[in-house]
Amino acid sequence: MTINVLFVCLGNICRSPTAHGVFQKIIDDRGLNNRISVDSAGTAGWHTGKSPDARSQRFAKKRGYDLSDLRARQAIATDFDEFDLILAMDKQNLKDLQALCPSHFAGRLDLFLAFGGSELSEVPDPYYEGDDGFEKVLDLVEDACQGLLDHLLSKKA
Ligand code: 4NP
C-alpha cells in the first residue's frame with residue numbers, strides 16, 4: 001500500500017514545492033517509490049501551471065534538489081480522497097485546508113513542522129524575503145522531511 005503525502009502552502013511556488021522536491025529525493029535515494037508518493041499544492045490558484053519561484057529553484061539546486069519539473073496547482077476538495085497525509089506549511093494554510101476538508105477525511109491534516117525538531121511550528125513565507133528566507137525554508141524542510149520519513153517508516157508505511 002502506498003502512502004500519499006501532499007504538501008500545501010499558499011502559492012505552491014516556494015515552500016511546498018521545496019518540501020515536494022526534498023522529500024521526493026529522499027524517497028528516490030532510499031528506493032521507497034513504491035511505498036510513498038509525494039505531491040504539492042497551494043491554497044491559492046494564482047500561480048497555477050507555473051514552475052517554482054526561481055529563487056526556490058536556485059537555492060534547492062545548491063543542495064542537490066531539482067524542482068524544475070514541478071508545476072503549481074491549487075489544492076481541491078478531492079485531494080482529501082486521494083491523500084493520506086496533508087501537511088500545511090503555516091497556520092493560515094492549515095485553516096484554509098480545514099475549511100475545504102470533508103468530514104469523512106480519514107487521513108491526517110496537520111502542520112508539516114509537527115514532524116520537525118525545530119521550535120518553530122510554521123515554515124515562514126520567503127516570497128517577500130531575501131536569500132536567507134529561502135535557506136531557512138530549506139533548513140526547516142530538510143529537518144521535517146527526515147522526521148516525516150522516520151514517522152512513516154516506523155508505521156511500516
Ligand atoms: P509559497 O509563497 O506560499 O511558499 O508558494 C508565496 C508565493 C506567492 C505568493 C505568496 C507566497 N504571492 O503572494 O503571490
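Read the numbers this way: they start at 1 and go in the same order the structure lists the ligands and their atoms.
- The distance criterion of under 3.5 Å between nitrogen or oxygen atoms is met by Asn12 with respect to ligand 1.
- Ligand 1 lies less than 4.0 angstrom from a heavy atom belonging to His47.
- Ring geometry for Phe134 versus Phe59: interplanar angle under 30°, hence parallel rather than tilted (30 to 60°).
- For the side chain to side chain donor-acceptor pair (under 3.5 Å) criterion with Arg73, the lone passing option out of Thr48, Asp79, Asn12 is Asp79.
- Of all the atoms in ligand 1, the ones that sit under 4.0 Å from a non-hydrogen atom of Trp46 are 12 (N), 13 (O), 14 (O).
- Remark: Arg55 is positioned above the aromatic ring of Tyr127, its terminal NZ or CZ atom under 6.0 angstrom from the ring centre and at most 45 degrees off the axis.
- Counting heavy atoms closer than 4.0 Å to ligand 1, residue Tyr128 contributes side-chain atoms (C-beta onward) but none from N, CA, C or O.
- Remark: side-chain polar atoms of Gln74 are paired, donor with acceptor, to backbone N or O of Thr43 under 3.5 angstrom.
- Look at Glu142 and Arg63 and you find a salt bridge, because one of the NZ, NE, NH1 or NH2 atoms lies within 4.0 Å of a carboxylate O, short of that distance.
- Under a 4.0 Å N-O distance rule, the pair Glu122/Arg15 does not qualify as a salt bridge.
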Q: Please test Thr2 against Arg35 for side-chain hydrogen bond (donor to acceptor under 3.5 Å, both in side chains), starting from the C-alpha separation and ending with a verdict.
A: CA-CA 4 Å; Thr2 306; Arg35 293 171 68 186; over 6 Å; no
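- Heavy-atom contacts of Cys14 reach the following atoms of ligand 1: 1 (P), 2 (O), 4 (O), 5 (O) (cutoff under 4.0 Å).
- Annotation: atom 11 (C) of ligand 1 to nearest protein heavy atom, Asp125 OD2, 3.1 Å.
- Any N or O atom pair closer than 3.5 Å counts here, and Arg15 shares at least one such pair with ligand 1.
- At the top of the distance list for atom 9 (C) of ligand 1, counting protein heavy atoms only, stands Tyr127 CD2, 3.6 Å.
- Here the heavy atom of the protein found nearest to atom 1 (P) of ligand 1 is Cys9 SG, 3.5 Å.
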Q: Evaluate the criterion side-chain hydrogen bond (donor to acceptor under 3.5 Å, both in side chains) for residue pair Asp90 and Asn93; output intermediate values, then yes/no.
A: CA-CA 5 Å; Asp90 65 32; Asn93 305 149; 3.2 Å; yes
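- The N/O atoms of Gly11, backbone and side chain alike, include one that comes under 3.5 Å of an N/O atom in ligand 1.
- Residue-ligand proximity, Ile13 to ligand 1, at heavy-atom distances under 4.0 Å covers atoms 5 (O), 7 (C), 8 (C).
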